[in-house]
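All ligand and atom numbering here is 1-based and tracks the order in the structure.
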Amino acid sequence: MSTYTQELQTTAKALVAKGKGILAMDESNGTCNKRFEKLGIATTEENRRNYRELILTAPNLNTYISGAILFDETIRQSSATGESFVSVMQRLGLIPGIKVDGGAKPFAGHPDELVTEGLDGLDDRVREYYNLGARFAKWRAVITIGANIPSAACIEANADALARYAAICQANGLVPIVEPEVLIDGNHTLDRCREVTAATLKEVFKQLTTQGVAFDQMILKPSMVITGLSATLPAPVHEVATTTIETLLQAVPPTVAGIAFLSGGQTNEQAAAHLNAMNVMFPQTPWPVTFSYARAIQQSALDKWRGDSANVAAAQKILAHRAACNSAASNGTYTVDLDRQLALV
Ligand code: 13P
């Protein structure tokens with residue numbers, strides 16, 4: 001038992017509480033700016049702040065969202081009235097989280113593969129984030145499917161980093177979200193994605209075990225087992241759901257506090273329908289199965305906002321709508337009809 005054991009268990013449970021999921025709004029400045037540029041939004045710190053305020057203050061967000069993952073710039077920012085975003089979140093019942101990885105970089109000696117950086121000085125940074133009010137963290141590893149990749153070396157290096165990050169977080173009071181993302185890019189089959197996801201998760205849990213990470217004090221944020229984006233025949237929803245849950249059941253210890261999927265380039269409707277099917281078809285999984293989406297919650301709201309304050313209320317409505325649909329999916333009560341009905345409210 002560490003000093004933080006009980007707090008970590010409580011936070012982990014709260015993050016995956018029934019009907020709730022996690023909002024990933026931790027795009028780095030680079031990624032956020034790219035999304036702004038596509039829409040002609042000026043890439044200024046003030047615009048990033050305005051956008052994050054729009055998200056955090058969307059009406060009723062905490063009915064559907066347990067916590068939100070912030071970027072380093074955001075956790076230090078404040079609302080227009082001068083209240084820190086952390087304080088805004090605490091007041092609204094949203095648990096503050098923080099992205100702590102340094103991004104996925106080219107993996108030496110392995111063309112087209114990436115390894116996530118950021119372990120140097122992580123202990124000090126994590127302590128600072130705890131003092132700023134963060135109670136959970138995220139580290140994203142990226143695994144690419146291609147002709148002869150992923151290599152065992154890429155999977156192992158990323159799994160090792162994820163495990164060391166998770167141990168550092170738990171030692172300092174932050175619940176680690178362990179995110180090994182198998183990219184959707186490519187024309188791979190569902191079976192190839194299953195094989196790579198299984199190998200990745202197996203290695204991740206081997207390394208987490210080696211580093212002594214407590215499973216009941218962490219959240220796994222996996223990608224779904226899904227056909228590649230450019231494949232001609234996407235697998236039907238029930239196959240994605242079945243293959244994903246079966247793969248997880250084989251690799252993920254039952255004591256893990258929760259599963260919170262990334263959306264990974266799926267459409268809004270796909271991300272909700274897949275999550276929903278898993279909860280309908282597998283109501284008895286050992287862990288809660290929910291979402292930690294970025295694009296599948298935010299993108300339509302960003303498209304509406306476009307940097308114009310006149311669009312804030314409409315954009316917030318769209319954001320809350322996507323959050324409500326994914327909350328329903330985490331309960332197995334999402335339908336396309338419900339999606340349309342909620343959009344009209
Ligand atoms: P997407 O839901 O857009 O894949 O983002 C989730 C995330 O946090 C990626 O690290």
Side-chain angles (χ1 to χ4, degrees), residues 15-16 21-36 38 51-52 55 64-72 74-75 94-105 114-118 134 136-145 158 161-162 165-166 169 175-186 193 197 200 204 218-226 228-229 240 244 258-276 278 289-303 318-319 322-323 325-327 329-330:
L15 285 170
V16 293
I22 300 163
L23 173 57
M25 49 179 287
D26 59 324
E27 295 85 357
S28 64
N29 287 351
T31 303
C32 187
N33 288 345
K34 265 190 228 151
R35 292 186 185 161
F36 279 12
K38 273 196 189 149
Y51 177 50
R52 265 62 185 254
I55 296 172
Y64 319 112
I65 301 291
S66 54
I69 318 168
L70 309 176
F71 184 59
D72 180 76
T74 319
I75 201 171
L94 298 166
I95 305 172
I98 182 76
K99 170 189 173 76
V100 301
D101 66 66
K105 304 285 158 63
L114 301 167
V115 65
T116 301
E117 288 184 350
F136 72 105
K138 177 189 117 173
W139 178 292
R140 172 176 175 255
V142 177
I143 304 295
T144 311
I145 301 182
N158 276 297
L162 276 169
Y165 137 82
C169 285
V175 169
I177 294 197
V178 172
E179 181 181 6
E181 174 171 4
V182 176
L183 289 181
I184 199 173
D185 304 332
C193 184
T197 305
T200 301
V204 166
M218 63 161 274
I219 307 287
L220 178 70
K221 175 165 174 168
S223 39
M224 295 180 193
V225 177
I226 194 167
L229 208 50
V240 170
T244 300
I259 307 285
F261 286 102
L262 57 91
S263 60
Q266 300 180 52
T267 64
N268 292 340
E269 292 74 18
Q270 282 170 338
H274 287 145
L275 177 63
N276 186 68
M278 289 184 224
V289 174
T290 186
F291 60 90
S292 174
Y293 295 160
R295 282 164 288 178
I297 295 181
Q298 287 180 56
Q299 189 59 48
S300 306
L302 178 60
D303 292 345
I318 291 170
L319 187 98
R322 293 281 18 116
C325 287
N326 289 307
S327 163
S330 77

S.K.: Which residue and non-hydrogen atom of the protein lie closest to atom 9 (C) of ligand 1, and at what distance in Å?
M.R.: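 Result: Glu179 OE2, 3.2 Å.
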S.K.: Quick one: nearest non-hydrogen protein atom to atom 2 (O) of ligand 1, plus distance?
M.R.: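 Sorting protein heavy atoms by distance from atom 2 (O) of ligand 1 puts Ser263 OG, 2.5 Å first.
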S.K.: Within the structure, does Gly264 bring an N/O atom to less than 3.5 angstrom of an N/O atom in ligand 1?
M.R.: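 Between Gly264 and ligand 1, an N or O pair is found under 3.5 Å apart.
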S.K.: Do the side chain of Asn276 and the main chain of Ala272 share a donor and acceptor less than 3.5 angstrom apart?
M.R.: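 Flag not set: sc Asn276 to bb Ala272 has no pair under 3.5 Å.
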S.K.: One thing to verify: whether Glu27 and Arg52 come together as a salt bridge, which I'm taking to mean a side-chain N less than 4.0 angstrom from a carboxylate O.
M.R.: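 Salt bridge: yes.
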S.K.: Can you name the nearest heavy-atom pair linking Ala166 to Val178, along with the distance?
M.R.: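 Nearest heavy atoms, Ala166 then Val178: CB-CG2, 4.1 Å.
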S.K.: Heavy-atom distance to atom 8 (O) of ligand 1: which of Lys221, Glu27, Met25, Arg140 wins?
M.R.: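 It is Lys221 whose heavy atom sits nearest to atom 8 (O) of ligand 1.
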S.K.: So is Ala296 in contact with ligand 1, going by heavy-atom distances below 4.0 Å?
M.R.: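 It does not, in that no heavy atom of Ala296 comes within the 4.0 Å cut-off of ligand 1.
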S.K.: To the nearest 0.5 angstrom, please state how far the CD atom of Glu179 sits from the CZ atom of Arg140.
M.R.: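 Answer rounded to 0.5 Å: 6.0 Å.
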S.K.: Do NZ/NE/NH1/NH2 and the carboxylate oxygens of Asp101 and Lys138 come within less than 4.0 Å?
M.R.: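 Looking at Lys138 together with Asp101, the answer is no, because their closest N to O distance does not fall below 4.0 Å.
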S.K.: State whether the shortest distance between N or O atoms of Tyr293 and N or O atoms of ligand 1 falls below 3.5 angstrom.
M.R.: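 Such a contact does not occur with ligand 1.
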S.K.: Atom 10 (O) of ligand 1: which of Lys138, Lys99, Gln299 has the nearest heavy atom?
M.R.: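 Selected option, by shortest heavy-atom distance: Lys138.
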S.K.: Report yes if Ser292 has an N/O atom closer than 3.5 Å to an N/O atom of ligand 1; otherwise report no.
M.R.: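 In fact, backbone or side chain, Ser292 has no N or O that close.
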S.K.: Quick one: does any side-chain atom of Tyr165 pair with a main-chain N or O of Ile177 as donor and acceptor, under 3.5 Å?
M.R.: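 Between the backbone of Ile177 and the side chain of Tyr165 there is a qualifying donor-acceptor contact (under 3.5 Å).
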S.K.: Given 3.5 Å as the limit, does a donor-acceptor pair link the side chain of Thr244 with the main chain of Val225, or not?
M.R.: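 Present.
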S.K.: Would you check whether Ala294 has a nitrogen or oxygen atom less than 3.5 angstrom from a nitrogen or oxygen atom of ligand 1?
M.R.: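 Yes, Ala294 has an N/O under 3.5 Å of an N/O on ligand 1.
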S.K.: Could you find the nearest protein heavy atom to atom 3 (O) of ligand 1 and give me its residue, atom name and distance?
M.R.: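 Among all protein heavy atoms, the one nearest atom 3 (O) of ligand 1 is Arg295 NE, 2.7 Å.
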S.K.: Going by the order shown, which atoms of ligand 1 are within less than 4.0 Å of some heavy atom of Ala24?
M.R.: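 Those atoms are 8 (O).
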S.K.: Taking Thr197 for the side chain and Cys193 for the main chain, is one N or O donor matched with an acceptor at less than 3.5 Å?
M.R.: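 Between the backbone of Cys193 and the side chain of Thr197 there is a qualifying donor-acceptor contact (under 3.5 Å).
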